[in-house]
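One structure below.
All chains are named by letter (A, B, ...) in the order of the sequence lines, taking the proteins before the strands, and each is independently numbered beginning at 1. Treat the numbers as computed from the prediction; the structure is a model and nothing was measured.
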Amino acid sequence: MAATVAPPAAPPPTSATIRSLTAAGNHAAALRALSSLSASSAQLDHFALPPAIKSAAALRDARAARSLHAAALRRALLHRPSPAVGNALLTAYARCGDLDAALALFAATPTELRDAVSYNSLISALCLFRQWERALDALRDMLAEGRHDVSSFTLVSVLLACSHLPGDDGRRLGREAHAFALKRGFLDEGRERFPFNALLSMYARLGLVDDAQSLFRTTAAAFSPGGGDVVTWNTMISLLVQGGRCAEAVEVLYDMVSLGVRPDGVTFASALPACSRLEMLALGREMHAVVLKDADLAANSFVASALVDMYAGNEKVANARRVFDMVPEPGRQLGMWNAMICGYAQAGMDEEALDLFSRMEAEAGCAPSETTMSGVLPACARSEGFAGKEAMHGYVVKRGMAGNRFVQNALMDMYARLGEMDVARRIFAMIDPRDVVSWNTLITGCVVQGHVAEAFQLVTEMQLPSPSPSSSSSSSSTEEGEAHRCMPNNITLMTLLPGCAALAAPARGKEIHGYAVRHALESDIAVGSALVDMYAKCGCLAASRAVFDRLPRRNVITWNVLIMAYGMHGLGDEAVALFDEMAAGGEATPNEVTFIAALAACSHSGLVDRGLELFHGMERDHGVKPTPDLHACVVDVLGRAGRLDEAYSIITSMEPGEQQVSAWSSLLGACRLHRNVELGEVAAERLFELEPGEASHYVLLCNIYSAAGMWDKSVAVRARMRRQGVAKEPGCSWIELDGAIHRFMAGESSHPASAEVHEHMDALWERMRREGYAPDTSCVLHDVDEDEKAAMLRYHSEKLAIAFGLLRAPPGAAIRVAKNLRVCNDCHEAAKFMSRMVGREIVLRDVRRFHHFRDGSCSCGDYW
DNA sequence: AATCCTGGCC
């Protein structure tokens, strides 16, 4: 190779040269060959032009298409001797993104010069631009002319168009097209499979999986001399998987293989997602083994992505990463990065997801797509240490991805989690059309941020027609709005129910329960678990248990919720019995939260030994390692029982790096209960270091000092609070009557019936004092005289709410009141007293648990 | 004919 030898002059190209270059996919060479032909005009004929035009289309080269159009016009070759050149140009313009040019070309063709291919090209061009109705109009024109034969080519486009028509139109026309294809013999034995496969796909897109399956069952045999067409099998597998019928998809896969059809990349890419959804790790691994034997398959990025997804979906993120790492860098396609990033994010491995995200572009030059963003945004929303949240929003906007619904939904969620509801609402307002996820995301944000009324308002709005921002400007607003209505689904209900639980609003919760029953959602595990939780937190333990017992299946969360429910209601023995039942049953495996629930139940009921037993057997018998929260629970069990030294030694035995805030708070609470100033001071000082801005720590220490009569120290703590700028959350109690929430706060009269309530409280108070009630003034933080202390206690928010309930609740009904903080000693005693005095059951829910007051005593037996 | 995506019960 020392000297460069001039290549021999190429022979002049002919139309045959161009045809073969185009056929070989060598489009650039085909166009070059044509332009050298144009020089010697004689050869530029109606044989040479169509393949060249096809090459221009394949290259999406609009300029080449236009210049070929001009050349054809100059030589009058557009429609003569055949429409072939014009037809090819029509397709080329469409492929280059210029539908108007394609339509103009068709319109300019005299009717008598059009052939069937002209119409086929027009129909498929319209399909390319998703103009489904116009495509079917073109078909009608074609049939009306009466001289064109519908070919398999026509049929495939028409089936595609039918499958995208909204509502019943698509189904009706699709079935008509099916009947037509049968009548015309398109589905006969030995015919090409395109129409058959297209019919399958059409039924898939219309969601008519059963029609697809019966077509497949009755006709596939006719095509299967050697097992049949792999495309048919693949179509069937993927449509079953997409229809959520994964078990059937796996059966089809087995049938296919046993008939001797060799699976290809598409087969694996279609079937692997079934393995993640069915948690069929074994089958997934088998497929992986087959893939590894074939270098082509192993290098197929679709297959590799599906493998990554399969492993990640089966909680084998490390295996997923191994598949990812096995594909060498240049071959790593976008889909693989996306699958791996999403796999990490869905496993909650947010740091890893963010790390890969930052590396994909920087190291591999792979630009993130909308899918990447919707996958990584949840990770970035959750990751507390990640400072670039708003920057991600900017990035999305800069890359032009801010109009993608998935991305918008994920962004909205991120801002809702940040507490920036206004930004979330603004993004929501721009989403068009909104889907059920858009609504659910905003609703969840509202519930989490405490805007429960707004959440319920949104549930009403989502079901109305034309909620989308575009439909006001559009002429066919009702029809379009109809299509954009969203029905609340299991997620919607599940996210609303904690809102009802937080408000202690059982009437609202029952409405949701009713909706769930009407829409066959009450047997959904997540909805069921949320219902069990809601009823329990609204004080209706019997209803909670009834829902639990009626569920067809329960998971670990369902069980945890019920155990917690019994614990909250002071029924520790029942809670522990449920734990034993769960551990013995095998329906669900106890996890960390199960032990938190069981230990909390033991703590509230004074089951110290049972609690310690559970704690010590936890890791040995159930593989649950002690976490900071579990340590805090045992501290609570011991501390509440007055075994403060043992509680203290649990904390000192914790690992140095372990988060000790909750353990110290439990100890501080126990010190207040048992009036231990010395240890309380130790705990409080540690907490002031760890969480200097948390008001409840200061308040507890104040309580300890006040109860001990150490007013100077109490005053000093309150001064320290003020210096630190820490404010106590105001106490607030509320009661639900006739579906409305009535809120009361101490020293405030915003409720319309406030004056009446205060008056009634005064009357009750007077009567209580007469009948021997002695206020417990030890929980008043202010150093004032006893009378003033008593006056302050009289208007505590929970007392006001109870007084309101006594005034307005139906006679004889239990008074159910909820409070945002812990119930104070005096309110506890007063409620006991009142329950006997007025002969009413009073149910008081505080942040942790329930107090059922009946006939002068409390369900918690004063152990709280 | 295909993979990767958003909302979640303690």
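A:Met564 comes within 4.0 angstrom of sugar-phosphate atoms only, judged by non-hydrogen atoms across all strands, and of no base. Nucleic acid contact for A:Asp264: base, since at least one base atom lies under 4.0 Å from a heavy atom of the residue. Counting any heavy atom pair closer than 4.0 Å across all strands shown, A:Ala597 reaches no nucleic acid atom.
A:Glu370 is not listed as a side-chain neighbour of A:Phe406, based on a closest heavy-atom distance of 4.5 Å or more.
A:Thr441 and A:Ser438 share no side-chain donor-acceptor pair at under 3.5 Å.
Ring geometry, A:His569 versus A:Phe850: the interplanar angle falls under 30°, so the pair is classed parallel (tilted spans 30 to 60°).
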- Task: Let me have a per-nucleotide readout for nucleotides 2-7 of chain B, 5' to 3', with B, S or -, counting only protein heavy atoms under 4.0 Å.
- Result: BBBBBB
- Task: Give the intermediate values and the outcome of side-chain hydrogen bond (donor to acceptor under 3.5 Å, both in side chains) for residues A:Thr235 and A:Asn197.
- Result: CA-CA 7 Å; A:Thr235 306; A:Asn197 291 337; 4.7 Å; no
- Query: Which is it for A:Asn560 and A:Asn591 under the side-chain hydrogen bond (donor to acceptor under 3.5 Å, both in side chains) test, yes or no, and what are the steps along the way?
  - Reply: CA-CA 9 Å; A:Asn560 292 351; A:Asn591 64 10; 3.3 Å; yes
